[in-house]
Amino acid sequence: MDVKYATSGAINHEHYTLVQKVESAKDPGLADEAIIQEIDAMRNRFHKPTFASSSPYCRDMLLILLYCETAMTFEPPQRNYLEFALPAAVGLAEGGKTVSDRRVGYQYCAKIMPPDHELQLMLINTYRKDLESHEEPRICLALNALIQSSTADVIPAVDTRLEDLLSHKSVQVKQRVMTTFRRLAKHDPEIVRRTTRKITKRLQDNPVTEAAMLLALDLVKAGVVASGEITTILVSLVEIPARSRAHQTPKAKIVAVLGELIDSIPPSDRQPVAELIMRTCATSPSDEVKLACFRALARFPIEAMEHFVASSDSPPHPVSSIKLLLFANEPNKQYTALACLLALPVQIWVGTSATIPAQLEETDVHRIMSFLTSTDSTIRVMTIRLLNRVDPGILMAYLDQFIASIPSPSEHTLAKCEHYASRAVELSRQLDADDGAAFSSRVVTTLVAVQYPREVLEEDKVKRDTAYLDAAKRAGLGAGVKAVLEEAAEIVLGHLREESQDFRASFTEALCQSIFTDAGSVTPTAVLLCAAVACEYGYLLKGLQPQDTLRCKQFLDLAKDLDATKKVISDAKSTTLPDTLIAVDLYTSRQAELRKLSQAQALTRVTSSASIASSLRSSRPAQRLKYDAYEAPSPRVVSPKNTAGRVRRSSRTPSASTRADNSVQRAESHVDKDPMAQTLSPGRLALAVEDGDLKRLARSQQKSPTGGLLSPEAAAARIDLISLESPFHVEPSSSSLQPPSPVSHAEADESFHARFRTSWELLRTTSRGWGESSPKDIAKHLQELGMMIEATELDVFSSDGGEPSDELLGIALGADNSVGAAVRLRPGEDDSCLWILKCDSIDLRLRIRQVLQRER
């Protein structure tokens, strides 16, 4: 914010500084932090014993809090987050020295005070005092506050005074009083009965006629007064020439209120009102009055309107009064003409009725059709709605002709692609307003026509000339083929947000099915739309698996970072889809690990080791401890070159046991031998992150010298510092494969199948595919990786209904002897293998899949 304080309009320097912090914050979180700090500072100042609502700074402080309430983007931690200033606001509303001070107090109470607050009684007393005042500003101030915020409890205290104020000499007071009655009627409809004796006088009081009409309309709808008397007064107001009224009420608003009263007028009395409205439409030069007349006529029943219009002694047809507006060049006049036609039923003017001929000539229809190419999007959308209401076939034929006329994408620029796609989507949105699947089909057809490149004709030698192609490239031709058409995508996604859940579900299902099954419908924009709707509305589909949503999210994330996408593709073993998918999964898992590590570092910085240890001892149940508790190790002597930047903890907890001391000594002696196998506390985790030697050692143990898969021994030694059960408890990674412990063959057979059955039911993430090698060859490679493989001799999967005798089963044990993965290998044709893998660890799953998808 580069505005100086003198020209900023800020209340004071404190307000100016706060607005600067909020407006210049690079992140919404930083802006919210500045607001929270300001609210906390204000709370402390309001709670000081010396603070009073009569303080000259009270008004400014309340205004700053109102700014905070408006600017905050977070959900307040509690409902009464800003209620600490309500006592001062009520005091300022009652005892402020100026009307401006009182207005701020009322404003804060209206914005912050809940209806059931204990200070509402004091506020009601303040309302009553201001309404009984003889000062017009104070009366208007109280009325404004009641209009903005009121409760049912205030009605007994002010109803009598409000009735008296209907006869006040001030126009401002009378207008506000009638609006206040309408506002209080939402709490008690009977209160408007107090206005029946004076409402007719106020209707003929020109300065307040508008407010009186709205109150009279409420009285008629509530059944308090008959519509006849009110209608008669309004008709007389319409017939009065505007120049004879000193304080004229806009005739358009009088006609609009008449239209609202149509339903309450007896059918026998409607024709004079309709003829009056039609005469007004024909004679008034105001576009606003014409539109109000069309909307009022639309409130009559269609049968009655046909009778009125077809009558020989009726005024001219209302459509005849807007034909000139169709040919105007100003968008506002074009808007008025289209809005009038949209308001009136098509039977009255299109020529489908036997008694009413068509009111538009051929030139008029051509003029309306030309609005489909208008540069104003509002005019285009209104024209599409009008044509669809008259005859959807007209719009459908135009759309087909429009799509057929779209040239090849190689012949126009990206801007032209955007133009064609957005216009076609606007048409499709109206044609398929109730059918999400049909809308999806039209969107795909449009995008294919706009983005799918077509071959240059052989006989067109000019376009195949090198000079032509070079010139086309310099002009940007063909840029829309590989680009995402943002305008068309925004129209589609915006339309989906306005539609029902069923429409979204059918659109998403049809689009995903089209993209996944028809290669000819794949365009960059269609793929982006498919990913977006799958992520946002995938939960509406029964057939869409979580893995599909994950893929769509991965696509959106990589689409935002082209450098990362290029690196993922370059790291893939090949450009085939399976290898690319493995590379994407590896990248996603690495990014997730980095985010977890960053969160662990932030947690370690702001939380002391002592508080963590105490909270852990108090919150963790004793039966869940997996080792005896021990206190932090005492500092050991290190070489001077490694002391820079290290933080040592030399204090020991007095309650530590001798057993904990022995555990610490054993752990430290083991750390000296193998730093990667140590058990880390949160404090040591932070030190480990900054330890350069430890980082190099971790990198050296993550890969084998040849860069291939980890051997079972190396995998067992690896400790993944990110795979923590909680931020304070570290265990070896379950993805490390361990060879089975030596047991007898019978015990191993029974234990294997029991563990396999259990793990197959517990593991949730499933993947499957075909392997080019036989099950025995794949099993051999899996055994080299460290998995236990057995032939199926038990009916492990009785619910499957298949023959399990030809299958091979495998499980992967982690360092804690738990099952981290389970695999089934079924023989297929041509010495191939169908494999089914269940594994919840991304790292382990990817390593096993590399073996399963290995080529011969």
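Keep in mind it's a predicted model, so treat the numbers as computed, not measured. Only heavy atoms go into these numbers, but all of them, side chains included; no hydrogens, no water, no symmetry mates.
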Atom CD1 in Ile848, atom CH2 in Trp835: separation rounded to 0.5 Å?
-> 10.0 Å
Taking side chain as C-beta onward, heavy atoms only, is Tyr537 less than 4.5 Å from Phe507?
-> no
Under 30°, 30 to 60°, or over 60°: which ring-plane class applies to His495 and Phe439, parallel, tilted or perpendicular?
-> perpendicular
Ser441 side chain to Ala438 backbone, donor-acceptor under 3.5 Å | no
Closest approach of Pro392 to Leu431 (non-hydrogen atoms, all atoms of both residues) = O-CD2, 3.9 Å
Between atom CD1 of Ile35 and atom OG1 of Thr73, what is the distance when rounded to the nearest 0.5 Å?
-> 6.5 Å
Side-chain donor/acceptor of Ser428 to backbone N/O of Ala424, under 3.5 Å = yes
Under 3.5 Å side-chain donor-acceptor pair for Thr525 and Gln451 | yes
May I ask you to test the Leu528-Pro524 pair for a side-chain heavy-atom distance under 4.5 Å?
-> no
Heavy atoms, side chains only, cut-off 4.5 Å: are Ile515 and Leu529 in contact?
-> no
Are there more than 12 heavy atoms of other residues, nucleotides or ligands under 6.0 Å from atom CG of Asp434?
-> no
Any donor-acceptor pair under 3.5 Å linking the side chain of Ser759 with the backbone of Val819?
-> no
Taking every heavy atom of Ile778 against every heavy atom of Val851, the minimum-distance pair comes out as O-CG1, 4.4 Å
Evaluate side chain to side chain contact (heavy atoms under 4.5 Å, CB included) for Ser514 paired with Ser521, printing each intermediate quantity in order.
-> CA-CA 7 Å; Ser514 176; Ser521 63; 3.1 Å; yes
Of all the heavy-atom pairs spanning Ala488 and Glu418, show the shortest one and how long it is.
-> N-OE1, 3.8 Å
Closest approach of Ser374 to Arg423 (non-hydrogen atoms, all atoms of both residues) = O-NH2, 3.8 Å
More than 12 heavy atoms of other residues, nucleotides or ligands under 6.0 Å from OH of Tyr335: is that the case?
-> no
Member of Asp391, Ile384, Thr383 meeting the side chain to side chain contact (heavy atoms under 4.5 Å, CB included) criterion with Leu387 | Thr383
Could you grab the distance from atom CZ of Arg380 to atom OG of Ser422, nearest 0.5 Å is fine?
-> 6.5 Å
Count the heavy atoms belonging to other residues, nucleotides or ligands that lie under 6.0 Å from CD of Glu499, then report whether that count exceeds 12.
-> yes
Sub-3.5 Å donor-acceptor pair from the side chain of Gln430 to the main-chain atoms of Arg385, do we have one?
-> no
Less than 4.5 Å apart, any side-chain heavy atom of Arg504 and any of Val533?
-> no
Nearest-0.5 Å distance that lies between atom CG in Leu763 and atom NZ in Lys838 | 7.0 Å
Check whether more than 12 heavy atoms from other residues, nucleotides or ligands sit under 6.0 Å from atom CD of Gln501, and answer yes or no.
-> yes
Looking at side-chain heavy atoms only, is the closest gap between Glu772 and Ser832 below 4.5 Å?
-> no
Evaluate the side-chain proximity of Val444 to Asp518: yes if any heavy-atom separation is below 4.5 Å, no if none is.
-> no
Passes side chain to side chain contact (heavy atoms under 4.5 Å, CB included), Leu338 versus Leu386? Steps please.
-> CA-CA 8 Å; Leu338 292 173; Leu386 181 63; 4.0 Å; yes
State whether the side chain of Asp432 and the backbone N or O of Asp435 hold a donor-acceptor pair below 3.5 Å, judged by distance alone.
-> no
Which heavy-atom pair separates Ala526 from Leu511 by the least distance, and what is that distance?
-> O-CD2, 4.5 Å
Of the non-hydrogen atoms in Ala532 and Leu493, which two are nearest, and what is the gap between them?
-> CB-CD2, 4.3 Å
Gap between atom CG of Leu762 and atom CZ of Arg757 - 0.5 Å precision | 12.5 Å
Are the side chain of Glu487 and the backbone of His419 linked by a donor-acceptor contact shorter than 3.5 Å?
-> no
Take Ile394 and Met369 through the side chain to side chain contact (heavy atoms under 4.5 Å, CB included) test and state the conclusion after the steps.
-> CA-CA 10 Å; Ile394 300 175; Met369 293 294 295; 4.3 Å; yes
Can you find a heavy atom in the side chain of Phe756 that is under 4.5 Å from one in the side chain of Arg824?
-> yes
Give a yes or no answer on whether the side chain of Arg845 reaches the backbone of Cys839 with a donor-acceptor pair at less than 3.5 Å.
-> yes
What's the spacing between Ser377 OG and Met382 CE if we round to 0.5 Å?
-> 11.5 Å
Got Leu782 and Leu825 here, is their nearest side-chain heavy-atom distance under 4.5 Å?
-> yes
Mind running side chain to side chain contact (heavy atoms under 4.5 Å, CB included) on Arg826 and Leu808 for me, showing each step along the way?
-> CA-CA 7 Å; Arg826 289 181 178 178; Leu808 294 179; over 6 Å; no
